[in-house]
Amino acid sequence: MTDLVKELIAKGIAACSDAKFEEGVKYFDQALANDAANIEALYNRGQALSRVGRLEDALSDFEQLVKIQPHNPSFIGDYAVALHLNNQNDAAEAQFEIALKLEPKNPYRYSSRAFFKDRIGDLEGAIADYDQAIALDPEDAIALNNRGIIEEKLGRKEKANQSFDKSNELIGYKPEQNQEAQPNTTLPPITAEEKPLTRAAVIKSIFTKEGFKDFVSFSTNLLKKNKK
């Protein structure tokens, strides 16, 4: 990677960090004009394009990433999200399945597919995937919380409360000690300060609970844009 490309990518990431996504896209465009297969530029441009509602263009970038690294479950998972946001749910489901097969013991893969299934109305399927995620990582407060939300949708109040109670216990939240606080039944707030992944995160494919928070924020924001 040349110094020019590095500089352009850094400027693009900085712009997106300030929620200037259109500006970020321009920097990534310039970087890719000089290095068409640059993974970092493609990934960040895909996210930035999504943030400004250019979902088909974003899908193209994520598709290219998967072609460059066809066995990278992180890219495949993001490609699945992009397909979903472009109303290609059958293709999205197939990609989620591929990502899961590549990492069958990674709870994040089940949580990702569960989130998708919830969005398309397959609530029982979503609960089954959250069950798998929790079995692999019993301390995943996010998966417990999200499973509780779906159980609540299905009218299973007792099971929902059990999931919420366990999630609250894991994060140290005690409702009885904070009467003004709302119950932990929603996802973390989405802010404009969310940053695109850095080169290290892209190349090393770090899979953590924080990564799922990013996925939730990423796809939830895009879904809101797509419905406008």
Side-chain angles (χ1 to χ4, degrees), residues 1-2 4-99 102 108-109 112-113 115-116 119 190 192 194-207 211-228:
M1 186 191 307
T2 66
L4 174 60
V5 171
K6 289 180 181 178
E7 181 181 353
L8 290 168
I9 292 174
K11 287 182 176 179
I13 291 175
C16 291
S17 297
D18 291 332
K20 298 176 181 177
F21 299 110
E22 291 278 10
E23 182 179 333
V25 168
K26 292 179 181 179
Y27 282 121
F28 298 135
D29 284 344
Q30 293 176 50
L32 289 164
N34 287 274
D35 184 358
N38 186 283
I39 289 175
E40 187 178 5
L42 277 169
Y43 190 92
N44 283 286
R45 187 176 71 174
Q47 285 204 347
L49 286 167
S50 299
R51 297 286 183 162
V52 297
R54 293 171 58 182
L55 301 181
E56 291 184 4
D57 292 335
L59 176 60
S60 178
D61 279 353
F62 288 119
E63 184 176 18
Q64 188 173 345
L65 282 167
V66 171
K67 288 180 179 178
I68 294 171
Q69 292 191 7
H71 302 295
N72 186 319
S74 179
F75 292 163
I76 293 169
D78 290 330
Y79 178 41
V81 174
L83 285 165
H84 169 47
L85 296 174
N86 279 276
N87 299 313
Q88 298 182 40
N89 289 329
D90 289 343
E93 187 167 11
Q95 294 301 315
F96 278 118
E97 182 69 18
I98 291 171
L102 287 169
Y108 169 63
R109 294 294 151 220
S112 297
R113 192 173 66 174
F115 183 80
F116 162 73
R119 290 290 182 179
I190 300 166
E194 292 163 349
K195 298 180 180 179
L197 291 182
T198 61
R199 176 178 175 78
V202 173
I203 301 302
K204 293 181 180 178
S205 300
I206 300 172
F207 306 104
F212 184 57
K213 290 181 183 178
D214 290 341
F215 167 79
V216 170
S217 298
F218 170 66
S219 50
T220 301
N221 270 347
L222 300 191
L223 284 165
K224 289 179 179 177
K225 287 181 178 290
N226 203 24
K227 290 179 179 178
K228 289 183 179 179

Counting C-beta onward and ignoring hydrogens, is there a side-chain heavy-atom pair between [X] and [Y] closer than 4.5 Å?
{"X": "Glu40", "Y": "Ile13", "answer": "yes"}
{"X": "Cys16", "Y": "Gln47", "answer": "no"}
{"X": "Val81", "Y": "Phe96", "answer": "yes"}
{"X": "Phe62", "Y": "Leu83", "answer": "no"}
{"X": "Ile76", "Y": "Leu102", "answer": "yes"}

Rounded distance (nearest 0.5 Å) linking atom [atom1] of [X] with atom [atom2] of [Y]:
{"X": "Phe116", "Y": "Asn89", "atom1": "CZ", "atom2": "CG", "value": "4.5 Å"}
{"X": "Asn38", "Y": "Met1", "atom1": "CG", "atom2": "CE", "value": "4.5 Å"}
{"X": "Gln69", "Y": "Leu42", "atom1": "CD", "atom2": "CG", "value": "10.5 Å"}
{"X": "Asp78", "Y": "Leu65", "atom1": "CG", "atom2": "CG", "value": "8.5 Å"}
{"X": "Asn34", "Y": "Thr2", "atom1": "CG", "atom2": "OG1", "value": "6.0 Å"}
{"X": "Phe28", "Y": "Glu23", "atom1": "CZ", "atom2": "CD", "value": "10.5 Å"}

Would Val25 and Arg51 satisfy side chain to side chain contact (heavy atoms under 4.5 Å, CB included), going step by step from the backbone distance to the final call?
-> CA-CA 10 Å; Val25 168; Arg51 297 286 183 162; over 6 Å; no
Of all pairs that satisfy salt bridge (charged side-chain N to carboxylate O under 4.0 Å, His left out), the ones with a partner from residues 29-39, not counting sequence neighbours =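 For residues 29-39: Asp29-Arg45.
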Which residues satisfy the side chain to side chain donor-acceptor pair (under 3.5 Å) test with [X], sequence neighbours excluded?
{"X": "Asp57", "answer": "Arg54"}
{"X": "Glu97", "answer": "Arg113"}
{"X": "Lys11", "answer": "Glu7"}

All side chain to side chain contact (heavy atoms under 4.5 Å, CB included) counterparts of [X], not counting sequence neighbours:
{"X": "Ala31", "value": "Val5, Leu8, Ile9, Ala41"}
{"X": "Ala94", "value": "none"}
{"X": "Glu56", "value": "Asn86"}
{"X": "Lys67", "value": "Glu63"}

What closest approach, in Å, do [X] and [Y] show between heavy atoms, and which atom pair accounts for it?
{"X": "Ser50", "Y": "Ala58", "value": "OG-CB, 3.0 Å"}
{"X": "Ala92", "Y": "His84", "value": "CB-N, 3.7 Å"}
{"X": "Ile68", "Y": "Ala37", "value": "CD1-O, 3.8 Å"}

